[in-house]
2 protein chains.
Amino acid sequence: MASDHDLVDVLRAVADPIRLRIVQTLADGRPHGKCGTHWDFGVHKSTMTHHFRILREAGLTRTIVTGRSHSIQLCREELDARFPGLIDALTAGPDRETHR
Amino acid sequence: MASDHDLVDVLRAVADPIRLRIVQTLADGRPHGKCGTHWDFGVHKSTMTHHFRILREAGLTRTIVTGRSHSIQLCREELDARFPGLIDALTAGPDRETHR
DNA sequence: CGGACTGTTGGATGTTCGTCATACCGTCAG
DNA sequence: CTGACGGTATGACGAACATCCAACAGTCCG
C-alpha cells in the first residue's frame, strides 16, 4: 500500500513534459550537470531548481555536489527494484527521437 | 514527439490515487461497471464521472453503454502498442498485495 | 405514465502546480 | 577581499485540478 503511495508520487513527478524529458535523458545512468547547458527548456533558472527538487523528493534522482557545480543522477537500481519496468516504459517511447 | 505529449497525458491521468487504482483493477482486461458497487473510494458520484472522463480522454479506457449501466474497459492493445511495458509497470507493483 | 436507477452536466470552491522575479548563499579565480 | 558563477529560497500569481452539490437525462419496471 505504501508502494501505491510512492508510485503515485513517482508518476506525479514524471507527469510533466520537462521532468519527463529530464528522466529520459538521465536514463543512461550517467550523472548530468544541472547547468543550463544541457537543459534548455526556455524556463527560468529557479523553475529548473523546482523541477529538480520534485524529482529528488519523489526518490527519482540523487544530487552530487562537486564544488559549485551540482550533478544529478537517476536512481536506476532503487527504481528498477521498486517499480520494475517503469523507467524502461518511460524511456522506450514508440517513435522517440533518439538524440537532440 | 507526439508520443511524448501523449505519454505525459497518460501519466498525468494515472498520477492520481483513485485513477491509478481504477487502472490497476481494469488491468485484467475485463470490463468493469461504473456502478458504485465496485468503486468505493468514498467520493461523490460525479467525482467518479470526472475521473472516468480523464481516463477516457487520455486514451486509457473505452466505455461500453448497455441500457442504463455503463461499463469501462482498459485499452490494453493500444496502450501496449504505444507504450510497451507501461501498464505492466503500473500493475506489477513491488509489494502489491497479490490479489483482493 | 410515473417512479426508481444510473450516470452526466454545470457551477462553485479550496487546493495544488508551474512559472517568474528577486534576493540570497557557497565556491572559485584574481 | 572582491567579484563572477552555479544553485537555492521565498513570495506572488494565474491556471489546472479534485471535490462536492444540485439539477438533469436516458432506461427499465410496475
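Residue numbers begin at 1 in each chain, while the letters A, B, ... track the order of the sequences.
The main-chain N or O of L26(A) is never found under 3.5 Å from a side-chain atom of Q73(A) such that the two would form a donor-acceptor pair.
Taking every heavy atom of both residues into account, A58(A) and D9(A) meet most closely at CB-O, 4.0 Å.
The CG atom of L20(B) sits 13 Å away from the P atom of dA18(D) (whole-angstrom rounding). Here the P atom of nucleotide dG7(C) and the CD1 atom of I64(B) are 13 Å apart, to the nearest Å. The CZ-P distance, from F41(B) to dT19(D), rounds to 10 Å in whole Å. If you take CH2 of W39(A) and P of dG6(D), they are 16 Å apart, rounded to a whole angstrom. Between the NE2 atom of H32(A) and the C1' atom of dG6(D) there is a distance of 18 Å, rounded to whole Å.
Between R82(B) and E78(B), no side-chain nitrogen of the basic residue sits less than 4.0 Å from a carboxylate oxygen of the acidic one, so the salt-bridge criterion is not met. The pair D88(B)-R76(B) counts as a salt bridge, with a side-chain nitrogen and a carboxylate oxygen less than 4.0 angstrom apart.
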Nucleic acid footprint by protein, nucleotides 25-30 of chain C - heavy-atom cut-off 4.0 Å, B for base, S for sugar-phosphate alone: --BS--
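For the OP1/OP2 pair of dT8(C) and a distance below 4.0 Å, the side-chain nitrogens and oxygens of T49(B) include at least one atom meeting the criterion.
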Give every pair of a protein N or O atom and an N or O atom of nucleotides 18-24 of chain C that lie under 3.5 Å apart, one pair per line with the distance.
from: dG18(C); atom 1: OP1; to: R19(A); atom 2: NH1; distance (Å): 3.4
from: dG18(C); atom 1: OP1; to: R19(A); atom 2: NH2; distance (Å): 2.8
from: dG18(C); atom 1: OP2; to: R19(A); atom 2: NH1; distance (Å): 3.4
from: dG18(C); atom 1: OP2; to: H50(A); atom 2: NE2; distance (Å): 3.4
from: dT19(C); atom 1: OP2; to: H51(A); atom 2: NE2; distance (Å): 2.5
from: dC20(C); atom 1: OP2; to: H44(A); atom 2: N; distance (Å): 2.5
from: dC20(C); atom 1: OP2; to: T47(A); atom 2: OG1; distance (Å): 3.1
from: dA21(C); atom 1: N6; to: S46(A); atom 2: OG; distance (Å): 2.8

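When side chains are defined from C-beta on, R21(B) counts as touching F41(B), because their heavy atoms get closer than 4.5 Å. Between T49(B) and K45(B), the closest side-chain pair of non-hydrogen atoms is not below 4.5 Å.
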Side chain to side chain contact (heavy atoms under 4.5 Å, CB included) evaluation trace for T61(A) with F52(A): CA-CA 8 Å; T61(A) 63; F52(A) 286 136; over 6 Å; no
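With a 6.0 Å radius and a threshold of 12 heavy atoms from other residues, nucleotides or ligands, R62(B) has its CZ atom above the threshold.
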